[in-house]
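Some notes on the structure that comes next.
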2 protein chains.
Amino acid sequence: MDFEPMGVAADLIILTVRDGSLQVLLIRRGIAPYKGRWALPGGFVRPAEDLETAARRELAEETGLGSDRIHLEQVATYGQPGRDPRGRVVSVAYLALVPDLPTPVAGSDAASASWVGVADVLGDPKRLAFDHHRILTDAVERARAKLEYSPLATAFCADEFTISELRGVYEAVWGQALDPRNFHRKVTKTEGFVTPTGATTTRDGGRPAQLFQRGTATTLHPPLTRA
Amino acid sequence: MDFEPMGVAADLIILTVRDGSLQVLLIRRGIAPYKGRWALPGGFVRPAEDLETAARRELAEETGLGSDRIHLEQVATYGQPGRDPRGRVVSVAYLALVPDLPTPVAGSDAASASWVGVADVLGDPKRLAFDHHRILTDAVERARAKLEYSPLATAFCADEFTISELRGVYEAVWGQALDPRNFHRKVTKTEGFVTPTGATTTRDGGRPAQLFQRGTATTLHPPLTRA
DNA sequence: ACAAAAGTGTTGTTCTTACACCCATGG
DNA sequence: CCATGGGTGTAAGAACAACACTTTTGT
């Protein structure tokens with residue numbers, strides 16, 4: 001056992017869909033390095049802590065979300081020497097998908113946290129500190145890909161949702177309009193994707209829509225497809 | 001910067017297809033802990049070394065493969081406290097896909113390395129040291145999934161290969177027979193998957209088969225599908 | 001009545017599957 | 001000639017895309 005000790009951090013890409021666009025939770029750095037720049041929330045993994053546990057702890061600290069029901073998955077690990085000017089730090093990136101709750105992003109220790117449009121951030125490679133632009137790019141691509149073959153889009157929705165709300169998630173994440181009629185058919189016919197609750201709502205305007213919950217499927221057959 | 005220093009290792013899941021079955025390169029551990037058990041090859045990341053560089057170095061050490069043309073991708077990172085009884089070690093797993101070369105697995109520092117059938121190893125959760133059974137499970141599932149939507153199967157083949165050799169890769173990795181005729185059509189019609197070299201071979205017996213090389217595509221549209 | 005969104009029907013096209021069939025070689 | 005694998009044709013069925021059309025609400 002003869003190794004170089006390194007810092008191990010868990011960084012979070014927390015995504016949500018708000019106002020029809022995909023947004024990411026960023027914090028404004030209050031200290032050097034990269035003071036004043038935007039960064040992904042994150043922090044060091046503690047001695048007796050699992051990687052995912054650390055990610056959930058950070059998630060709770062940043063969002064105030066009792067994180068048990070929040071979707072969280074590991075994306076990749078970044079360890080280029082020099083990626084953190086303070087020393088050798090290896091960062092494990094976790095992707096979190098949260099519904100658009102009226103949660104006002106409980107400001108914690110980090111200076112100020114806020115939701116920022118993903119398209120804006122990805123369009124400017126210098127906006128983020130460290131190698132976070134790269135990490136965000138990878139995480140967003142993961143999310144986009146997983147919507148195709150998994151029922152993950154429901155993670156962005158409240159417990160009960162309408163088909164068009166679900167379609168809004170796809171359209172925001174993929175940045176692409178989908179045919180409401182074909183989408184409706186495909187989603188409701190795919191075994192285990194969504195299950196009707198029996199209730200209806202008129203919150204989207206027009207004719208009342210059925211409400212659904214996530215189903216039990218973990219993969220979608222056949223997948224939904226992007227153009 | 002106040003963190004618990006940890007060891008960071010790169011572990012390798014080196015897969016190949018030999019004799020019609022998917023095999024993984026394992027080493028027999030010569031020292032405690034888990035002395036005498038099989039384990040994935042790997043080692044600590046050095047101070048000035050990138051994670052992928054470390055993985056390529058280990059790959060070269062274990063297989064003697066000048067690794068530039070070998071497919072290597074990160075799978076996931078494992079960091080449960082207690083996964084290594086010697087101390088806190090976080091392990092970044094890399095998946096390598098190599099052709100069935102007549103390379104006799106250059107024995108290095110590690111006691112003895114050999115190819116073992118993946119089905120056998122996965123069938124016995126106690127065969128591998130540490131949490132390597134879990135890591136192997138994840139890596140194999142990644143490989144199986146990626147064959148569907150990427151031209152990755154060619155990474156298991158020599159520079160020039162026939163369609164039925166490529167089919168043999170799919171059948172070994174998925175553990176499932178495929179229709180030779182439909183497979184042929186699908187592969188040759190998918191833009192950029194394979195390109196004919198013009199040469200033919202009779203090494204598979206029967207009528208001479210065209211030889212192909214990998215194409216330039218990075219994703220397959222439409223994907224090949226498992227049952 | 002009208003606008004807006006939900007949801008169903010239909011039609012032509014494309015993809016998939018299963019399998020019949022012919023081709024080109026080695027023995 | 002025959003066995004072996006390479007490769008093409010084809011027809012039935014499934015999935016898909018585009019869009020006309022009906023339903024049910026709020027205003």
Side-chain angles (χ1 to χ4, degrees), chain A residues 19-20 147-149 153 157 160-172 174 176-213 217 219-227, chain B residues 17 19-20 147-149 153 157-158 160-172 174 176-213 217 219-227:
Chain A
D19 311 322
L147 288 209
E148 295 197 15
Y149 58 88
C157 296
E160 294 196 333
F161 50 88
T162 66
I163 299 296
S164 66
E165 286 162 2
L166 186 62
R167 176 165 49 82
V169 169
Y170 276 90
E171 293 180 333
W174 286 350
Q176 174 187 141
L178 299 172
D179 185 298
R181 298 151 301 185
N182 293 334
F183 182 86
H184 185 280
R185 220 180 330 234
K186 205 151 177 176
V187 167
T188 52
K189 295 231 163 123
T190 299
E191 193 75 17
F193 192 174
V194 296
T195 57
T197 67
T200 62
T201 181
T202 58
R203 65 188 179 220
D204 300 329
R207 169 175 166 180
Q210 288 183 72
L211 285 167
F212 294 83
Q213 297 175 317
T219 52
L220 265 28
H221 295 293
L224 281 75
T225 47
R226 294 184 263 185
Chain B
V17 173
D19 311 323
L147 288 209
E148 294 196 17
Y149 58 89
C157 296
E160 293 196 334
F161 50 88
T162 65
I163 299 297
S164 66
E165 287 162 2
L166 186 63
R167 177 165 47 85
V169 168
Y170 276 90
E171 293 180 332
W174 285 351
Q176 173 186 143
L178 300 172
D179 185 299
R181 298 152 301 185
N182 293 334
F183 182 85
H184 185 281
R185 219 181 331 232
K186 207 152 179 177
V187 167
T188 53
K189 295 229 163 122
T190 299
E191 193 75 17
F193 192 175
V194 296
T195 57
T197 66
T200 61
T201 182
T202 59
R203 66 188 178 218
D204 300 330
R207 170 176 165 182
Q210 289 183 71
L211 285 166
F212 293 82
Q213 297 175 318
T219 51
L220 266 27
H221 295 293
L224 280 74
T225 46
R226 295 183 261 184

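Proteins come first, then strands; the chains are lettered A, B, ... in the order of their sequence lines, and each starts at number 1. These numbers come from a predicted model, not from an experiment.
Counting only heavy atoms from C-beta on, Thr225(B) has its side chain closest to dT17(C) among dT17(C), dG7(D), dT24(D). Comparing dT17(C), dG7(D), dA6(C) by their nearest atom to the side chain of Ile163(B) picks out dG7(D). Of the candidate nucleotides dC19(C), dT17(C), dA18(D), dC19(C) has the atom lying nearest to any side-chain atom of Asp179(B).
Residues Arg207(B) and Pro222(B) both approach DNA chain C. Their nearest nucleotides, taken by heavy-atom distance, put Pro222(B) toward the 5′ side. The residue among Gly206(A) and Pro180(B) whose nearest nucleotide of DNA chain D is located toward the 5' end is Pro180(B).
To the nearest 0.5 Å, atom OG1 of residue Thr225(A) and atom CG of residue Leu220(A) are 11.0 Å apart. The line from CD1 of Ile163(A) to CZ of Phe193(A) is 8.0 Å long, rounded to the nearest 0.5 Å.
Between the side chain of Arg203(B) and the base of dG5(D), no donor-acceptor pair under 3.5 Å is found. Residue Asn182(B) places a side-chain atom within donor-acceptor reach of the base of dA18(C), judged by atom type and a 3.5 Å distance cut-off alone.
Nucleotide dA20(C) holds its P atom 8 Å from the CZ atom of Arg181(B), rounded to whole Å. The CG-C1' distance, from Asp204(A) to dA4(C), rounds to 11 Å in whole Å. Phe183(A) has its CZ atom 16 Å from the P atom of dA5(C), to the nearest Å. At whole-Å resolution of the value, NZ in Lys186(B) and P in dT16(C) are 4 Å apart. Note: CG (Leu220(B)) to P (dT16(C)) measures 11 Å, nearest angstrom. Protein atom CG of Leu211(B) is 12 Å distant from nucleotide atom C1' of dG6(D), rounded to whole Å. The distance between atom CZ of Arg185(A) and atom C1' of dA18(D), rounded to the nearest whole Å, is 10 Å. Taking atom CG on Leu178(B) and atom C1' on dC19(C), their separation rounds to 16 Å, with Å as the unit.
Under 4.0 angstrom from either OP1 or OP2 of dT8(D) there lies at least one side-chain N or O belonging to His184(B). Close to dG6(D), at under 4.0 Å from its OP1 or OP2, lies a side-chain N or O of Ser164(B). For dG7(D), the OP1/OP2 oxygens have a side-chain nitrogen or oxygen of Gln210(B) closer than 4.0 Å.
Without hydrogens or angle criteria, Glu171(A) side chain to Leu178(A) main chain gives a donor-acceptor distance under 3.5 Å.
Aromatic pair Tyr170(B)/Phe183(B): ring centres closer than 6.0 Å.
The minimum heavy-atom distance linking Arg203(A) with Glu160(A) is given by the pair NH2-O, 3.3 Å.
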